[in-house]
Number of protein chains: 2
Amino acid sequence: METVMRIGELGAAAGVDIETIRYYEKTGLLPDPARSTNGYRAYGPAHLERLAFIRHCRALDIPLADVKRLLEFVACPENDCGDIDRLIDAQLARVRARLKSMQALERQLASLRGRCGVAHVAGDCGILHELVAAARGEACACHIEGLPGSKKAEMSTRPSVRRSGA
Amino acid sequence: METVMRIGELGAAAGVDIETIRYYEKTGLLPDPARSTNGYRAYGPAHLERLAFIRHCRALDIPLADVKRLLEFVACPENDCGDIDRLIDAQLARVRARLKSMQALERQLASLRGRCGVAHVAGDCGILHELVAAARGEACACHIEGLPGSKKAEMSTRPSVRRSGA
DNA sequence: GCTTGACTCTGGAGTGACTACGGGGTGTGA
DNA sequence: TCACACCCCGTAGTCACTCCAGAGTCAAGC
């Protein structure tokens with residue numbers, strides 16, 4: 001059976017960019033594969049399984065450092081798994097906190113968007129007025145209920161953005 | 001009136017780290033301030049207002065590039081504000097998409113966590129079993145309803161993590 | 001006058017998880 | 001022989017900060 005794959009095939013099989021695969025290798029998440037005579041990486045099914053595991057964890061937003069720890073548990077099933085519990089708990093807590101602030105965010109933006117329906121001049125734009133007023137600390141529709149970011153809410157002095165995942 | 005602030009005072013007034021202020025200056029979001037004879041930055045109330053505006057936008061998870069555009073609208077109120085609408089709409093769409101996937105994520109993790117209650121050995125850990133099975137593409141409790149990351153959901157081949165904001 | 005400590009300056013590097021690029025080598029079908 | 005797709009490697013860029021080293025400034029206390 002020809003279970004040996006080159007990097008492009010592995011990537012296609014797992015739905016992962018080849019640059020990402022090389023990145024995982026470089027950072028020690030994927031073991032160095034064998035090489036064909038021409039120097040091409042030669043992967044087997046074990047690599048595919050491991051890569052799929054990593055991507056599943058990443059889909060769960062588990063940081064690579066934690067994925068690494070989980071992989072160690074997979075490799076050493078005799079270890080105590082209390083750490084796994086704690087790891088997942090911590091991840092769940094992170095996600096829930098983030099979720100809460102995202103929901104607040106959504107309410108704020110939805111409220112903001114309602115301010116400006118028709119095309120006109122920026123000087124009259126309700127959105128812009130609202131943003132400026134909010135920055136001044138005046139009462140604004142989107143800060144009705146002590147939302148994160150109002151000035152120093154419990155969540156973060158440090159908001160964070162990702163570029164749109166599309 | 002002594003409305004002139006040094007960077008530390010501005011930071012304290014706006015609740016922003018001074019490194020962040022310098023970063024905003026370097027990237028052109030905040031104009032270069034005047035300097036005292038000793039070379040220290042000297043800020044006025046306009047800087048504080050602008051900084052507060054930026055932070056409010058960032059609390060709404062608006063990327064700095066978009067904040068820059070909003071600031072241009074603030075500076076030129078005679079411009080057409082249709083772009084503001086679109087900008088906020090796009091931001092709202094981003095946030096809603098992200099929210100949806102976060103909710104799915106939360107369900108997945110919560111379901112995962114339920115698999116392993118008592119401390120034992122990793123080889124028997126339900127969480128680990130579930131993760132491995134899911135990576136294999138087998139039916140798993142957390143993928144009941146076509147969630148992102150299952151293999152190539154509409155959302156992203158590219159999950160993304162932030163370190164916990166605490 | 002000297003020290004201490006808090007504050008400021010600059011430039012540069014590090015973070016996480018990729019993503020992109022440049023310049024080359026390899027393999028295959030026409 | 002050629003085009004073209006694939007692969008190699010190393011490096012740099014992305015975003016929004018965050019941290020650091022090494023140096024200068026300034027007021028208060030001794």
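Reckoned from all heavy atoms, side chains included, excluding hydrogens, waters and symmetry mates. Below, read A as the first sequence line, B as the second, and so on, with proteins coming before strands; counting in each chain starts at 1.
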Practice task
Identify whether the distance between the nearest side-chain nitrogen and carboxylate oxygen of B:D66 and B:R58 falls below 4.0 Å.
Solution key: no

Handout entry: Exam field: side chain A:R94 to backbone A:D89, donor-acceptor pair closer than 3.5 Å
Key = no

Practice task
Determine, for B:R55 against B:D17, whether the closest basic-nitrogen to carboxylate-oxygen distance falls under 4.0 angstrom.
Solution key: no

Between N or O atoms, less than 3.5 Å apart, protein on one side and nucleotides 2-8 of chain C on the other: list the pairs.
unit_1: C:dT8; atom_1: OP1; unit_2: B:G8; atom_2: N; d: 2.7

Practice task
Establish, with yes or no, whether the OP1 or OP2 oxygen of D:dC17 is under 4.0 angstrom from a side-chain nitrogen or oxygen of B:Y24.
Solution key: yes

Problem - Check against side chain to side chain contact (heavy atoms under 4.5 Å, CB included), B:R22 and B:I18 - result: CA-CA 6 Å; B:R22 283 199 275 255; B:I18 60 166; 3.7 Å; yes

Practice task
Figure out the CD/P separation between A:E25 and D:dG10, and round it to whole Å.
Solution key: 11 Å

Completion exercise
Taken to the nearest whole Å, NZ/A:K68 to P/C:dG16 is 11 Å

Practice task
Look at the side-chain N and O atoms of A:N38 and state whether any lies under 4.0 Å from the OP1 or OP2 oxygen of D:dC7.
Solution key: no

Exercise for the section: Return the stems involving DNA chain D, sorted by first number, where pairs are Watson-Crick (N1-N3 with N6-O4 or O6-N4) or G-U wobble (N1-O2 and O6-N3), both under 3.5 Å, and runs are 3 or more long. Expected result: C:1-30 with D:1-30

Exercise for the section: Group every Ile, Leu, Val, Met, Phe, Trp and Tyr by side-chain heavy-atom contacts under 4.5 Å, then state whether B:Y40 and B:L48 land in the same group. Expected result: no

Fill in the blank from the handout: Those residues at least two apart in sequence (or on a different chain) that pass side chain to side chain donor-acceptor pair (under 3.5 Å) with A:R35 are none

Handout entry: B:R50 side chain to B:L29 backbone, donor-acceptor under 3.5 Å
Key = yes

Practice task
Just call it for B:K26: base, sugar-phosphate, or nothing, with non-hydrogen atoms closer than 4.0 Å on any strand.
Solution key: nothing

Problem - Length of the OH-P vector between B:Y23 and D:dC20, whole Å - result: 19 Å

Handout entry: Euclidean distance, atom CZ of residue B:R58 to atom P of D:dC15 [Å, nearest integer]
Key = 12 Å

Problem - Sole candidate of B:T20, B:L70, B:L30, B:I21 that passes side chain to side chain contact (heavy atoms under 4.5 Å, CB included) when paired with B:I54 - result: B:L30

Fill in the blank from the handout: To the nearest angstrom, the CZ-P distance between A:R55 and C:dA17 comes to 11 Å

Practice task
May I ask you to decide if B:P63's main-chain N or O and B:K68's side chain share a donor-acceptor pair within less than 3.5 Å?
Solution key: no

Problem - Minimum-distance nucleotide (side-chain atoms of A:E19 versus D:dT25, C:dG27, C:dA20) - result: C:dA20

